[in-house]
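Below is one structure, written out as structure tokens; comments come after it.
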Amino acid sequence: MEIVESLEEIPVQNPQVEDFSWSDLNWTKFGTSEHHDDVALIPYARVDEFIIGECSNAECPTRFHIERGRKRSRGSLKEYKSDEYLEYRLYWCSFGPENYGEGGGVLPSRKYRLNTRNRAARPQSMRGCTCHFVVKRLYARPSLALLIYNERRHVNKAGIVCHGPLDRDAIGPGAKKIPYICNEIQQQTMSMIYLGIPEENVLEKHIEGIQRYCGSDATVNSLASQYVHKLGMIIKRSTHELDLDDQASIKIWTERNKKSIFFYQESSETDQFMLGIQTEWQLQQLVRFGHCSLVAADSTFGIKRLKYPLCTLLVFDSRHHALPVAWIISRSYLKSDVEKWMKILLQRAQSVEPGFKINGFIIDDAATEIDPIRDTFCCPVLFSLWRVRRSWLRNVVKKCDSIEVQRELFKCLGELVYSIWDGVDTSKALERLTQDFADQTAFMQYFTSTWLPKIGMWLSTIKSLPLASQEACGAIEAYHIKLKVKLFDDTHLGALQRVDWLVHKLTTELHSSYWLDRYADESDSFQNVKEEYIASTSWHRAMEIPDSAVTLDNNNILVAKVQSQKDTNITRVVWNPGSEFAFCDCAWSLQGNLCKHIIKVNTMCENHERYGDSMSLRSFKEKLQNIKMKPMDDSIALDLSMALTLQMFDQIKQLVRFSRVDDISKIVNDLPVKWGCKKSRTTIGIPASIAAFTKRKTQKRKR
């Protein structure tokens, strides 16, 4: 907007409505490039009507009081500017400027509390609102008033809405009568509203939850109905755009949600923008499912469409589904930057569980820096093939018309990856690929421009790192697909370049979806949600297919058939069975996904000698052979390798014993007793926070 330096260029506005507000006027930038304000000129006789209109704001109804005022008599100035005042009044929202709530106080310059008539109804209603404007009756033109709006939003110093229907903390005078609502019930209600469940169903589940604490009562039901309605109204009216400037909007969000942020770095000349998000519930899931287990990364999501790529850290829950436990939004993949947020994330987990550690970290991008992972988590790094497979399959189906060509081309791409273990020269495999499919110009152009420059790096990473299983790949891919559906909806395509929109979608809809999935599974409620959650991965859908539905051709090992369970007349054909690069003709597979038919066929092929080993098993065997061949005979390295091998053998033996026994007490009784030192013996096994509380409680009072 152009900045105006003279009041003569600003038109006088006189709205036709009786009471008008900020939205009924056209505001102009007045001042200099260094300092300017939003101003408007109206007749001085209509100032009261403007104030009444501002007080009637539907989102933040309030009243305004005169915080400061000055007057001049006519003729007192011999020389004056066009914006000099005859009367000056500073109007402030009656919910400010003081904040008598939590963390607030009286203004330092004010030794007493104002007690004017048009203040807020109760002193405790002072919430530190910063909304205020100035009315100047012009000295040169007394019939006109200059409106100067300094802050039109009803927010406190932190940028948080502090009163009105949009205030999350606003409660009425009957707060003592509101039934007890624990965090679990509140999160359940919010999750259902975010997912678009009708208000009647939300209210029914909400009342069922609070009746566990309050019992059945008409008053309780009425208050619960008001609570659900108000919460739904707050969520519907909430917006991701806290400021027109995206960077300022994110800064406001970080001030509001400090508990959900484990790392924040603003962009500058030397530093890249980085934002790490982890809610308290996600931290609990990281400690619960990530301790002594696997953590995976879905990296570089939205690298072409979002303003900043999104990296998600995942753990595998009790059903081996991928569960997001942290989101990192950044364009920087430097070792120093990655190491920053990884160390803080580990310290955050260890503050809850002091002995927290992970046994493996799965990556899906060959360009990922491995050193920060090994230095921070001190664990092995595994590689997942799901991203390579998905990218190749989608482009094969998209750029090749014939399904026979698609099968052969995808099989040839798989042979290219298998060549690193078969002893075949990779360059010869690439040469064969380009010669045999030279007529597929669309795909070969894509492959040579996108993959050929970096194929050596990817194959080297696949060979050097252990490979993750198909179950892990399917779980990560299922999360990726769900994330894509939530974010890349057609209705939100205009907001993809805003970080505040991405943060809002992650912390509301996606977070609520996974919270409700886990809650439905553990509490055995919301049966439809639970069933969809269980069947959300191809691995679990494959386990529902009986072995009798799979036909392996004895004469042709390149083809397998799977009979559909919904319609027995339909049979799916799996080409190149037993390989991670198998090709199925079902609609789900043709979209580039790992389908249930391929997983079922591959699990059946493991028991037949005619089919080769999977890539993950080949990688595992090669790692064992390398360990066996590495130490020199009669050396210390041999002794160390022997000790590590025996230690690993004992751990595997214990795991096999745990999985086979039905009564855990038989194993626990055989375990050796571990004694702590005398002073700290009573706190072994007790979380640090509880132990510290118990210790403080038992101390004698000092007189």
- Run the ring-centre check on Phe301 versus Tyr479 and record whether the distance is less than 6.0 Å. no

Requested in this report: Please check if atom CD in Glu280 has more than 12 non-hydrogen atoms from other residues, nucleotides or ligands closer than 6.0 Å.
Outcome: no

d(Ser143 OG, Leu86 CG) to nearest 0.5 Å is 11.0 Å

Rounded to the nearest 0.5 angstrom, the CD1-CG distance for Ile328 and Leu313 is 4.0 Å

Margin query: Can you confirm whether Lys205 sits close enough to Gln188 that some side-chain heavy atom of one is under 4.5 Å from a side-chain heavy atom of the other?
Written below: yes

(message) In the structure I gave you, are the side-chain heavy atoms of Ile252 and Asp500 within less than 4.5 Å of one another anywhere?
(response) no

Check: Tyr44/Glu87 side-chain N/O donor and acceptor closer than 3.5 Å: yes

Practice task
Over 60° means perpendicular and under 30° means parallel, so classify the ring planes of Tyr88 and Tyr85, tilted if in between.
Solution key: tilted

Without swapping roles, check the side chain of Gln285 against the backbone of Pro324 for a donor-acceptor pair under 3.5 Å.
no

Original post:
Do any N or O atoms from the side chain of Glu5 and from the backbone of Thr32 form a donor-acceptor pair under 3.5 angstrom?
Top reply: no

query: Donor-acceptor pair, Asp521 side chain versus Arg518 backbone, under 3.5 Å?
result: no

Here the pair of heavy atoms bringing Ala520 nearest to Lys530 is O-CD, 3.8 Å

Give me the ring orientation class for Phe50 and Phe133: parallel if the planes are under 30° apart, tilted from 30 to 60°, perpendicular past 60°. perpendicular

Polar side chain donor-acceptor pair, Thr279 to His511, under 3.5 angstrom:
yes

Any chance you could lay out the side chain to side chain contact (heavy atoms under 4.5 Å, CB included) test for Tyr514 and Lys482, step after step, and finish with the verdict? CA-CA 10 Å; Tyr514 277 98; Lys482 186 173 183 177; 3.5 Å; yes

request  = Apply the test side chain to side chain contact (heavy atoms under 4.5 Å, CB included) to residues Leu496 and Trp501: give CA-CA distance (whole Å), side-chain angles for both, the deciding distance (0.1 Å), then the verdict.
outcome  = CA-CA 7 Å; Leu496 293 179; Trp501 169 84; 3.4 Å; yes

Heavy-atom check, side chain of Ile160 versus side chain of Val155, under 4.5 Å = no

* To do: Before accepting this row, confirm whether a basic side-chain N of the pair Asp246/Lys307 lies closer than 4.0 Å to the acidic partner's carboxylate O.
  => yes

- Query: Between Asp83 and Lys81, is there a side-chain N and carboxylate O pair less than 4.0 Å apart?
  - Reply: no

Notebook entry, point to check: On the ring face of Phe488, is Arg305 found with NZ or CZ under 6.0 Å from the centre and within 45° of the axis?
Noted result: yes

Heavy atoms of Arg498 and Ser249 approach each other most closely as NH2-CB, 4.0 Å

When rounded to the nearest 0.5 Å, the distance separating CZ of Phe356 from CZ of Arg348 is 12.0 Å

Taken to the nearest 0.5 Å, the spacing of Ile197 CD1 from Ser191 OG works out to 8.5 Å

Are the side chain of Arg46 and the backbone of Pro15 linked by a donor-acceptor contact shorter than 3.5 Å?
yes

Shortest non-hydrogen pair, Val135 vs Ala145, comes out as CG1-CB, 4.2 Å

When every non-hydrogen atom of Leu25 is compared with those of Ala40, the smallest separation belongs to CD1-CB, 4.3 Å

For Met192 and Asn201 the tightest heavy-atom approach is CE-O, 3.9 Å

For the residue pair Asp271 and Asp337, establish whether any side-chain heavy-atom pair is separated by less than 4.5 Å. no

- Counting N and O atoms only, with roles assigned by atom type, does the side chain of Trp92 sit under 3.5 Å from a partner on the main chain of Cys129, one being a donor and the other an acceptor? yes

Check your understanding: Do the side chain of Thr254 and the main chain of Ile250 share a donor and acceptor less than 3.5 angstrom apart?
Key -> yes

Task: Asp37 side chain vs Val39 backbone, donor-acceptor pair below 3.5 Å - done: no

Check: Is there a side-chain contact between Tyr91 and Ile66 (heavy atoms, below 4.5 Å)?
Finding: yes

Given side chains that start at C-beta, do those of Phe64 and Glu54 come closer than 4.5 Å, heavy atoms only? yes

Arg70 atom CZ: more than 12 heavy-atom contacts under 6.0 Å: yes

Here the gap from Gln13 atom CD to Leu144 atom CG, rounded to the nearest 0.5 Å, amounts to 11.5 Å

Asn150 and Thr130: CA distance, side-chain angles, deciding distance, side chain to side chain contact (heavy atoms under 4.5 Å, CB included) verdict | CA-CA 9 Å; Asn150 301 110; Thr130 58; over 6 Å; no

Taking it one step at a time, do Thr312 and Leu310 satisfy side chain to side chain contact (heavy atoms under 4.5 Å, CB included)? CA-CA 7 Å; Thr312 307; Leu310 172 66; 4.1 Å; yes

For atom CD of Glu522, decide whether the heavy atoms of other residues, nucleotides or ligands shown that lie under 6.0 angstrom number more than 12.
-> yes

Distance-only check: which donor-acceptor pairs under 3.5 Å involve side-chain atoms of residues 257-265, not counting sequence neighbours?
residue: Asn257; atom: ND2; partner: Trp253; partner atom: O; Å: 2.9
residue: Gln265; atom: OE1; partner: Lys340; partner atom: NZ; Å: 3.1
residue: Gln265; atom: NE2; partner: Gln272; partner atom: O; Å: 2.7

Where the side chain of Ser330 meets the backbone of Ser332, is there a donor-acceptor pair that is under 3.5 Å apart? yes

To the nearest 0.5 Å, atom CD of Glu9 lies from atom CG of Leu41 at 12.0 Å

Looking only at heavy atoms, the pair that brings Thr62 and His154 closest together is CG2-CE1, 3.6 Å

Any idea how Phe273 and Tyr308 line up, ring-wise: parallel (<30°), tilted (30 to 60°), or perpendicular (>60°)?
tilted

Note to self: I'd like to check Leu510 versus Lys505 (side-chain heavy atoms, cut-off strictly below 4.5 Å). Are they in contact?
What the structure shows: no

- Item | Close side-chain approach of Glu49 and Ile42, heavy atoms under 4.5 Å | no

Donor-acceptor check, side chain of Arg137 to backbone of Pro142, threshold 3.5 angstrom: yes or no? yes

Any side-chain donor paired with an acceptor under 3.5 Å for Asp317 and Tyr533? yes

| Side-chain (Glu509) to main-chain (Leu506) donor-acceptor, under 3.5 angstrom | no

